[in-house]
**Student:** 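Structure provided below as structure tokens; questions to follow.
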Amino acid sequence: MTRPYSIDLRERVLRDLLTGDPVRAIAGRFDVSPSFVSKLGIRYRERGSVAPDRQGGDRRSEPIEAHRDWLLDGAAAQPDRTLDEIRRELLARGLEVSVMTVWRFFERHGLSYKKRRLMPASRNVPM
């Protein structure tokens with residue numbers, strides 16, 4: 001992943017943009033794309049800042065993390081529930097997620113969520 005342009009470069013580009021120089025001229029002078037220059041101007045007008053947005057990090061776990069206490073309490077109270085059962089209960093609570101999302105939640109919180117403990121013996125019989 002590429003890094004965002006430095007604040008120093010962003011401020012110099014903005015300074016030239018605010019003086020009225022053409023976007024393409026500014027882009028050529030600083031060796032950036034014209035779209036970067038115009039988007040930087042829009043960002044400054046809308047936000048009052050040229051700082052870049054945060055990059056990286058987890059953006060998908062926020063919805064399930066909102067149910068954190070309920071999930072962890074439920075795992076302690078009923079440890080034999082399957083991930084699919086938990087997924088269906090979350091659906092009833094208004095959150096549609098996959099089984100893998102539930103699994104990643106428990107892994108992130110240090111819980112190893114196994115299948116039911118009392119599984120029947122394998123029926124594989126040697127021939």
Side-chain angles (χ1 to χ4, degrees):
M1 180 184 287
T2 61
R3 293 184 318 191
Y5 289 120
S6 70
I7 296 293
D8 176 56
L9 174 66
R10 288 167 175 265
E11 289 171 348
R12 289 185 287 143
V13 168
L14 180 66
R15 185 176 51 242
D16 285 5
L17 188 61
L18 294 177
T19 62
D21 288 352
V23 169
R24 290 192 182 278
I26 297 170
R29 190 175 315 132
F30 291 103
D31 196 27
V32 295
S33 70
S35 68
F36 168 73
V37 177
S38 63
K39 288 177 184 177
L40 189 68
I42 292 169
R43 174 182 291 269
Y44 181 73
R45 282 192 301 275
E46 289 178 353
R47 301 181 185 182
S49 170
V50 293
D53 288 335
R54 226 183 92 231
Q55 285 189 324
D58 177 23
R59 297 182 185 140
R60 295 181 298 173
S61 66
E62 188 175 325
I64 196 166
E65 287 294 334
H67 299 270
R68 179 182 187 271
D69 293 336
W70 178 81
L71 285 164
L72 294 177
D73 291 344
Q78 289 181 300
D80 64 337
R81 290 185 308 169
T82 64
L83 295 174
D84 191 53
E85 289 171 343
I86 296 169
R87 183 193 63 80
R88 283 184 299 214
E89 291 172 17
L90 283 167
L91 184 59
R93 293 174 65 96
L95 179 64
E96 186 173 353
V97 294
S98 69
V99 171
M100 282 305 299
T101 301
V102 177
W103 182 83
R104 283 191 299 266
F105 170 84
F106 285 115
E107 182 183 46
R108 195 169 41 250
H109 291 282
L111 294 176
S112 174
Y113 220 85
K114 305 293 183 193
K115 292 181 180 179
R116 294 184 189 273
R117 290 185 183 154
L118 300 175
M119 295 296 291
S122 175
R123 297 203 174 139
N124 292 339
V125 180
M127 296 179 124

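Each residue takes its place number in the sequence, starting with 1.
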**Student:** Out of curiosity, Arg15 CZ to Glu11 CD, how far, rounded to the nearest 0.5 Å?
**Tutor:** 8.0 Å
**Student:** Apply side chain to side chain contact (heavy atoms under 4.5 Å, CB included) to residues Asp21 and Arg29 and explain how you reach the verdict.
**Tutor:** CA-CA 11 Å; Asp21 288 352; Arg29 190 175 315 132; 3.3 Å; yes
**Student:** Could you report the tightest heavy-atom contact between Ala27 and Pro34, atom names first, then the distance?
**Tutor:** CB-N, 3.6 Å
**Student:** Of all heavy-atom pairs between His67 and Leu95, which one has the smallest distance, and what is that distance?
**Tutor:** CD2-CD2, 3.5 Å
**Student:** Can you list the steps and then say if Asp53 with Arg43 is a side chain to side chain contact (heavy atoms under 4.5 Å, CB included)?
**Tutor:** CA-CA 10 Å; Asp53 288 335; Arg43 174 182 291 269; 3.3 Å; yes
**Student:** Is any side-chain N of the basic residue among Arg12 and Asp8 closer than 4.0 Å to the acidic one's carboxylate O?
**Tutor:** yes
**Student:** For residues His109 and Glu65, report the shortest heavy-atom separation together with the two atoms involved.
**Tutor:** NE2-OE2, 3.0 Å
**Student:** Over all heavy atoms of both residues, which pair between Thr2 and Gln55 is shortest? Give the atoms and the distance, please.
**Tutor:** O-OE1, 3.4 Å
**Student:** Looking at Arg93, I want to see if its CZ is surrounded by more than 12 non-hydrogen atoms of other residues, nucleotides or ligands under 6.0 Å.
**Tutor:** yes
**Student:** Would Thr101 and Ser98 count as having a side-chain donor-acceptor pair, cut-off 3.5 Å?
**Tutor:** yes
**Student:** Output the rest of the hydrophobic cluster of Phe36: all Ile, Leu, Val, Met, Phe, Trp and Tyr residues reachable through side-chain heavy-atom contacts under 4.5 Å, sorted by chain and number.
**Tutor:** Tyr5, Leu9, Val13, Leu14, Leu17, Leu18, Val23, Ile26, Phe30, Val32, Val37, Leu40, Tyr44, Val50
**Student:** Rounded to the nearest 0.5 Å, how far apart are CG of Asp73 and CZ of Arg68?
**Tutor:** 9.5 Å
**Student:** Not counting sequence neighbours, which residues clear side chain to side chain contact (heavy atoms under 4.5 Å, CB included) with Leu91? List them please.
**Tutor:** Glu96
**Student:** After noting the C-alpha distance and the side-chain angles of Ile86 and Trp103, does the key distance pass the side chain to side chain contact (heavy atoms under 4.5 Å, CB included) rule?
**Tutor:** CA-CA 10 Å; Ile86 296 169; Trp103 182 83; over 6 Å; no
**Student:** I want to check something: taking the side chain as every heavy atom from C-beta on, are Pro52 and Arg3 in contact at a cut-off of under 4.5 Å?
**Tutor:** no
**Student:** Ignoring hydrogens, what is the shortest heavy-atom contact between Ser49 and Ala51? Give both atom names and the distance.
**Tutor:** OG-N, 3.0 Å
**Student:** What is the minimum heavy-atom distance between Arg81 and Leu71, and which atoms define it?
**Tutor:** NH2-O, 4.4 Å
**Student:** Kindly write out the residues that satisfy side chain to side chain contact (heavy atoms under 4.5 Å, CB included) with Pro22, not counting sequence neighbours, or none if the list is empty.
**Tutor:** Ala25
